[in-house]
Amino acid sequence: MATMTIRTDPTVEEALERLLADRVGETRSDVVRTAILELERSRRRAKLRAESAALRDDPAEQALAKEMAAELEDLGAW
């Protein structure tokens, strides 16, 4: 495991103290690791939402979805 040193300002220190108050038994390092992982997950989800919206709004993808839905509807007649 690597070691990281960061400089904090008063605003970051206050936020860290608030987070520590809510997480009894966790260390500053635990809280920072959790924050980094949560930020990465949040950004990954935002990227997936943007990609999904782009597909949803793409006329070619909409046409393909309608075509596939029609094909599936034909198969449902049995």
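Reckoned from all heavy atoms, side chains included, excluding hydrogens, waters and symmetry mates.
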Next on the checklist: For the CZ atom of Arg45 and the OG atom of Ser52, what is their distance to the nearest 0.5 Å?
Outcome noted: 14.5 Å
Checklist entry - If you look only at pairs with a residue in residues 2-25, which of them pass as a salt bridge (charged side-chain N to carboxylate O under 4.0 Å, His left out), with sequence neighbours excluded? => result Glu13-Arg28, Glu17-Arg28, Arg23-Glu26
Next on the checklist: Can you pull out every salt bridge (charged side-chain N to carboxylate O under 4.0 Å, His left out) where at least one residue sits in residues 53-69? Sequence neighbours excluded, please.
Outcome noted: none
Checklist entry - Taking only residues two or more places apart in sequence, or in another chain, which ones meet Glu51 in a side-chain hydrogen bond (donor to acceptor under 3.5 Å, both in side chains)? => result none
Item to check | For Thr3, side-chain hydrogen bond (donor to acceptor under 3.5 Å, both in side chains) partners two or more places apart | outcome: none
Enumerate donor-acceptor pairs with a distance under 3.5 Å from any side-chain N or O in residues 31-41 to protein atoms, sequence neighbours excluded.
{"from": "Arg33", "atom 1": "NH2", "to": "Asp30", "atom 2": "OD1", "distance (Å)": "2.7"}
{"from": "Thr34", "atom 1": "OG1", "to": "Asp30", "atom 2": "O", "distance (Å)": "3.0"}
{"from": "Glu40", "atom 1": "OE1", "to": "Arg44", "atom 2": "NH2", "distance (Å)": "2.8"}
{"from": "Glu40", "atom 1": "OE2", "to": "Arg44", "atom 2": "NE", "distance (Å)": "3.1"}

